[in-house]
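Reminder, nothing fancy here: chain letters follow the sequence lines and each chain counts from 1.
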Number of protein chains: 2
Amino acid sequence: MAHTRPLTATLSEQALEALQADIVEGALQPGEKLREPELAARYGISRGPLREAIRRLEARKLIISAPNTGARVVSLSATQLLELYDMREALEGMTCRLAAVNASDAELAALTTLLDQHESELTETDGRNYFRQEGDLDFHFRIARCSGNELLADILCVDHYHLLRLYRYKFSTSPGRPARALFEHRRILDALRERDGELAEILMRKHIRSARENLKRQIGQQLTTEQ
Amino acid sequence: MAHTRPLTATLSEQALEALQADIVEGALQPGEKLREPELAARYGISRGPLREAIRRLEARKLIISAPNTGARVVSLSATQLLELYDMREALEGMTCRLAAVNASDAELAALTTLLDQHESELTETDGRNYFRQEGDLDFHFRIARCSGNELLADILCVDHYHLLRLYRYKFSTSPGRPARALFEHRRILDALRERDGELAEILMRKHIRSARENLKRQIGQQLTTEQ
DNA sequence: AGTCGTCAAATTGTTGACACAATGGACGAG
DNA sequence: CTCGTCCATTGTGTCAACAATTTGACGACT
């Protein structure tokens with residue numbers, strides 16, 4: 001009989017999760033210096049595992065560090081944030097194209113359910129926070145996962161997803177945006193159901209580009225202009 | 001007066017470079033177990049910095065590791081290798097589109113020179129190893145670098161480039177392929193010079209897709225079918 | 001007053017030792 | 001002969017101490 005194994009086997013993984021949560025949830029602010037002795041004490045571990053966690057979060061682009069001067073929480077410039085959207089347009093366009101071919105009927109049905117669920121929440125909250133959906137509740141996340149391409153899915157859902165999470169909600173969504181986004185999601189799903197990969201890709205790219213334009217308009221002095 | 005500073009400030013970085021070279025150049029074979037005491041002795045360092053180097057190479061997908069069971073050199077299945085090409089199609093298509101807008105005239109001129117150089121080498125070596133160009137000599141690498149999008153360029157030229165290097169040359173290029181590739185490169189550059197981002201993206205994607213198809217045809221029993 | 005050099009404190013880089021888990025082979029039961 | 005168990009060995013996870021570098025403050029000099 002198997003023991004119920006802990007969620008994280010090693011202290012390094014626990015530190016990874018804790019540190020990532022602290023960064024994404026804002027307990028550690030963008031640009032903040034990460035002092036190893038302080039953090040190690042905070043998580044009740046030694047510096048060894050902590051340093052490994054820092055290296056892994058560097059891979060997820062949540063931390064930047066230089067030799068001898070230590071690590072800091074990432075702080076994207078406006079330019080860098082827009083770059084992130086160009087990357088998403090390219091990668092999510094491709095996952096969408098692939099999903100049109102590779103998604104199972106069951107997965108597409110589940111996506112329909114998800115969007116219905118989003119619609120309820122949209123009307124309930126008066127169209128306020130449609131974008132707050134995370135992980136499995138995130139339409140984009142789910143599409144990547146059923147693209148059939150593990151590499152793309154991992155890059156989007158593991159490597160860069162948390163950076164997106166960190167910045168996605170720093171900007172107030174303009175009034176009509178959530179409803180508009182839901183509409184675009186439905187059109188994308190329509191294309192997926194019709195198994196039209198080319199159209200699905202075009203629609204997803206347009207969708208992300210319009211989110212990018214929306215963001216661009218809102219970028220004022222909220223962001224540091226230089227990294 | 002500044003000391004001539006060493007290329008790598010820390011042992012961890014030296015280990016990163018050494019280990020990466022050993023993996024890409026085949027001194028460490030795909031799938032091979034990486035024993036920390038052995039490697040630490042090999043590079044003349046202790047396990048601490050070595051473990052950090054391993055974590056960083058995990059980010060570059062050259063190493064995979066699981067808790068308590070250690071690390072191994074990555075060994076891509078045929079499926080995973082094809083997935084890599086889908087990722088490239090998406091990302092390089094985008095860098096190409098952006099480069100059409102953002103590349104300077106000087107950069108485009110340098111790319112022309114590069115392709116001329118490739119042509120000489122192609123005729124000199126009887127069309128054998130056009131694809132062996134690496135780093136700054138790699139057409140794709142250079143385009144990413146002049147896309148103006150640092151994030152995309154880093155993902156392609158740092159994060160995933162070495163994985164591509166590792167696998168690019170495991171397959172014999174079919175007879176006419178190098179000449180064909182050079183021809184496609186020239187058409188892409190034409191589009192860049194005309195500042196036609198849409199066409200440049202289309203051509204780059206077609207180019208990578210045909211490389212993918214070429215690869216697919218050659219995949220026999222050389223690759224493990226399961227990871 | 002401002003700039004530069006020096007020194008002390010804090011922080012990062014590295015090491016070797018210890019604790020724990022996994023691997024592999026010998027041994028014995030079936 | 002096959003399978004499972006036990007134990008020794010090997011390797012990974014973690015820690016605390018040491019070494020080297022950076023940072024900031026203080027004071028001397030222009």
Side-chain angles (χ1 to χ4, degrees), chain A residues 1-20 22-23 27-59 62-75 227, chain B residues 1-20 22-23 27-59 62-75 227:
Chain A
M1 55 189 81
H3 285 109
T4 56
R5 97 187 50 160
L7 276 69
T8 58
T10 69
L11 293 185
S12 174
E13 287 180 27
Q14 289 175 30
L16 171 81
E17 298 295 334
L19 188 48
Q20 176 171 267
D22 281 347
I23 291 173
L28 296 169
Q29 286 291 307
E32 189 172 341
K33 183 99 205 300
L34 299 177
R35 283 182 223 70
E36 293 175 7
E38 178 190 328
L39 285 178
R42 178 173 185 162
Y43 302 131
I45 61 177
S46 71
R47 286 174 53 219
L50 177 69
R51 285 171 66 92
E52 291 191 26
I54 288 176
R55 295 290 163 266
R56 295 202 230 211
L57 289 177
E58 241 179 300
L62 289 175
I63 290 177
I64 44 181
S65 63
N68 292 316
T69 61
R72 313 189 83 91
V73 178
V74 73
S75 177
Q227 74 157 357
Chain B
M1 57 187 82
H3 286 107
T4 57
R5 93 186 54 156
L7 277 68
T8 58
T10 68
L11 293 185
S12 175
E13 287 179 27
Q14 289 175 30
L16 171 81
E17 298 294 333
L19 189 47
Q20 176 170 269
D22 281 347
I23 291 173
L28 296 169
Q29 285 292 308
E32 190 172 342
K33 182 96 204 299
L34 298 177
R35 281 181 286 288
E36 293 175 7
E38 179 189 327
L39 285 177
R42 177 173 186 163
Y43 302 130
I45 61 176
S46 69
R47 286 175 52 220
L50 176 70
R51 284 171 66 92
E52 291 191 25
I54 289 176
R55 294 291 163 265
R56 297 203 228 209
L57 289 176
E58 239 180 301
L62 289 175
I63 290 177
I64 44 181
S65 63
N68 291 316
T69 61
R72 314 190 82 90
V73 178
V74 72
S75 177
Q227 73 156 3

message = How many whole angstroms separate atom CG of B:L50 from atom P of C:dG13?
response = 16 Å
message = Once you apply a heavy-atom cut-off of 4.0 Å, does B:T10 come out as touching a base, just sugar-phosphate, or nothing?
response = sugar-phosphate
ask   = At under 4.0 Å between heavy atoms, what does B:G48 touch on the DNA or RNA strands: base, sugar-phosphate, or nothing?
value = base
task = Would you indicate which nucleotide in D:dT12, C:dT12, D:dG11 comes nearest to any side-chain atom of B:E36?
result = D:dT12
key: B:N68 CG to D:dT9 C1', straight-line distance once rounded to whole Å   = 16 Å
ask   = Which of these nucleotides, C:dG13, C:dT23, D:dT12, is closest to any side-chain atom of B:K33?
value = D:dT12
key: Between D:dG13 (P) and A:Q14 (CD): distance, integer Å   = 13 Å
task = Starting from C1' on C:dA22, measure out to CG on B:L34 and report it in whole angstrom.
result = 17 Å
ask   = Does the distance from a Lys or Arg side-chain N to an Asp or Glu carboxylate O, for A:E32 and A:R72, drop under 4.0 Å?
value = no
key: Euclidean distance, atom CD1 of residue B:I54 to atom P of D:dG13 [Å, nearest integer]   = 9 Å
Rounded distance (Å) that lies between atom P of C:dT11 and atom CZ of A:R72 = 13 Å
request  = Test B:R56 against B:S12 for side chain to side chain donor-acceptor pair (under 3.5 Å), laying out the working first.
outcome  = CA-CA 10 Å; B:R56 297 203 228 209; B:S12 175; 3.2 Å; yes
query = Taking N and O atoms by type only, does the side chain of B:R47 place a donor or acceptor under 3.5 Å from a partner on the base of D:dG11?
reply = no
inquiry  = Without decimals, in angstroms, what is the distance between B:L11 CG and C:dT12 P?
reply    = 17 Å
request  = Return the value, rounded to whole Å, for the distance between atom CZ of A:R51 and atom P of D:dA16.
outcome  = 16 Å
Evaluation steps, side chain to side chain contact (heavy atoms under 4.5 Å, CB included), between A:S65 and A:R55 = CA-CA 9 Å; A:S65 63; A:R55 295 290 163 266; 3.7 Å; yes
ask   = If you measure from CD1 on A:I54 to CG on A:L16, what distance do you get to the nearest 0.5 Å?
value = 11.0 Å
